[in-house]
Amino acid sequence: MFDKSIAAYEDAKNVIPGGVDSPVRAFKSVGGTPPFIEKGEGAYLFDVDGNKYLDFVQSWGPLIFGHCDKDIEEAVIKTVKKGLSFGAPTVLETDLAKEIVEMYDNIDKVRFVNSGTEAVMSAIRLARGVTQRNGILKFEGCYHGHSDSLLVQAGSGMATFGSPSSPGVPADLTKHTMLCEYNNIEELKKCFETNDDIACLIIEPIAGNMGFIPADENFLEECRRLCDENGTLLIFDEVMSGFRASLTGAHGVVKQKADIVTFGKVIGAGMPVGAFAANSEIMANLSPDGAIYQAGTLSGNPVAMAAGLVSLRKIKADKDLYSRLNAKVEKLLAGFKKAADENNIAFQPNSIGSMFGFFFCDVAPKNFKDVGTCDFDRFAKFHHEMLKRGYYFACSQYEAAFMCDAISDEDIDNCISAANEVMALL
Ligand SMILES: *Cc1c(COP(=O)(O)O)cnc(C)c1O
């Protein structure tokens with residue numbers, strides 16, 4: 001039933017490292033062969049063997065309207081016919097920037113890039129340039145893309161400077177990156193007490209890269225306070241939570257506001273788009289207005305902008321989109337929880353808006369270390385059994401899940417029935 005995917009995977013491995021262009025796709029943490037995808041259609045994915053899956057990955061977040069949304073498709077095709085890229089300004093960029101500026105009262109200007117990684121990398125350069133400091137404070141388990149200075153892991157001791165988490169990253173490039181525990185106020189305070197060179201604190205205010213773990217409200221309040229007291233810029237990395245947790249992402253859910261916001265995923269509706277944004281004062285430092293250099297040949301690409309623009313306008317016009325999506329999420333998770341309880345399986349579901357997640361453990365994890373105590377074997381089994389039944393969830397307990405508007409109530413009922421069968425096998 002996976003014969004063609006298995007063959008395609010072997011073939012790919014000969015010419016692409018690990019057969020994939022992003023490591024998570026290789027299914028390493030659950031084992032087995034990743035299905036090779038032939039096409040998407042609404043809520044569904046179809047693999048090269050003809051298997052059909054209800055998709056809770058949604059390209060890792062971007063596709064809030066599901067696959068092949070007609071309005072987005074139409075806008076892309078129309079734009080493609082006028083040329084793929086000009087390397088010159090287009091009105092589409094201004095239009096998309098305006099949509100974002102209108103939504104956020106802490107954002108006056110937006111610069112578009114091509115990925116979340118690039119957005120964060122540029123936001124950090126901006127923060128460093130503005131504050132004339134070097135230090136970056138980040139949290140263990142938050143992912144901000146694969147740029148050198150963010151690939152850090154904890155050394156020994158608390159509130160430590162990180163060491164590279166990947167070969168190929170010189171220690172010189174991570175020596176300014178401090179790593180603290182998520183949701184741990186004491187550690188955060190200590191970090192600020194012992195460092196006076198922190199340019200920015202970067203956080204996923206609703207974390208989706210260590211499974212789904214929202215930051216505590218008082219923790220975010222402390223982040224904001226410590227940044228203000230120390231002249232540090234607060235960056236909310238909303239690459240995943242943006243237009244997912246609510247219309248204005250985490251900003252629409254938590255009480256604090258960031259100085260710089262990064263976007264990706266939903267902002268491009270499946271096309272490669274990232275962005276970083278802030279008030280006029282901060283953004284005035286960016287080239288060509290200011291001295292902080294940042295550039296991109298394909299940045300603000302018209303096809304990508306057209307997709308993002310139509311998608312954002314659709315999102316904005318649909319007043320109860322997020323409550324509708326969250327109602328579906330809650331129904332699904334309640335069904336899963338009931339099935340887990342009936343089988344005495346420790347299960348911790350959680351969600352905000354269209355983002356959700358679940359852990360196989362007794363207590364809801366608050367940080368990266370807690371996630372490590374969850375039952376990974378059980379997760380792997382759950383994943384494969386659900387996949388066999390046609391339900392495509394992220395292939396790692398360290399990833400979040402996403403609801404899209406194309407998933408129907410009937411899809412959810414069927415998925416809960418499948419989970420009932422599967423939980424009994426765990
Ligand atoms: C996905 C993600 C990134 C990286 O985005 P890419 O487009 O994969 O480079 C950065 N930050 C967060 C919070 C993300 O979820």
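Below, all heavy atoms of this structure are taken into account, side chains as well, without hydrogens, waters or symmetry copies. Just so you know, ligand 1 is whichever comes first in the structure, and atom 1 is the first atom listed for that ligand.
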Look at the aromatic rings of Tyr392 and Phe27 and report parallel, tilted or perpendicular, splitting at 30° and 60°.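 Answer is tilted, since the angle falls between 30° and 60°.
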
Ser115 heavy atoms, cut-off 4.0 Å: which ligand 1 atoms fall inside?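 That gives atoms 7 (O), 9 (O) of ligand 1.
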
Counting from 1, what ligand 1 atoms have a heavy atom of Asp237 closer than 4.0 Å?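 Matching atoms, with element in brackets: 10 (C), 11 (N), 12 (C), 13 (C).
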
Provide, to 0.1 Å, the distance between [atom] and the closest protein heavy atom, together with that atom's residue and name.
| atom | value |
| --- | --- |
| atom 3 (C) of ligand 1 | Val239 CG1, 3.6 Å |
| atom 12 (C) of ligand 1 | Tyr143 O, 3.2 Å |
| atom 9 (O) of ligand 1 | Thr117 OG1, 2.5 Å |

Judged by atom type as modelled, is there a donor-acceptor pair below 3.5 Å linking the side chain of Asp318 to the main-chain atoms of Lys314?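 Looks like no, no N/O pair under 3.5 Å.
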
Using non-hydrogen atoms of the residue, decide whether His146 is closer than 4.0 angstrom to ligand 1.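 No; His146 lies far enough from ligand 1 that no heavy-atom distance drops under 4.0 Å.
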
Grab the two heavy atoms, one from Phe139 and one from Glu181, that are nearest each other, plus how far apart they are.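 It is CD2-O, 3.7 Å.
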
Kindly give the heavy-atom pair with the smallest separation between Leu387 and Pro35, and that separation in Å.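 That would be CD2-CG, 4.2 Å.
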
Out of Met240, Met121, Lys265, Arg244, whose heavy atom sits nearest atom 14 (C) of ligand 1?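 Looking at heavy atoms only, Lys265 sits closest to atom 14 (C) of ligand 1.
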
Ignoring hydrogens, just give me the one of Gly116, Ser147, Gly264 whose non-hydrogen atom is nearest atom 5 (O) of ligand 1.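 Result: the heavy atom closest to atom 5 (O) of ligand 1 is in Gly116.
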
Using a strict 4.0 Å threshold on nitrogen-to-oxygen distance, state whether Asp47 and Lys52 make a salt bridge.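 Here Asp47 does not pair with Lys52 in a salt bridge, since their nearest N and O are not under 4.0 Å apart.
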
Worked check of side-chain contact (heavy atoms from CB on, under 4.5 Å) between Glu93 and Thr90: CA-CA 6 Å; Glu93 295 154 78; Thr90 61; 2.7 Å; yes

Tell me, with the steps shown, if Lys39 and Glu41 meet salt bridge (Lys or Arg N to Asp or Glu O under 4.0 Å). CA-CA 7 Å; Lys39 63 169 185 177; Glu41 213 177 88; 3.2 Å; yes

Does any N or O atom in [X] lie less than 3.5 angstrom from one in ligand 1, N or O only?
| X | value |
| --- | --- |
| Glu204 | no |
| Gly145 | no |
| Glu118 | no |

Does ligand 1 have a heavy atom under 4.0 Å from the side chain of Asn209, from its backbone, from both, or from neither?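 It is the side chain that gets close, since no backbone atom is under 4.0 Å.
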
Is the closest side-chain donor-acceptor distance between Ser396 and Glu399 under 3.5 Å?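 Result is no, nothing qualifies.
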
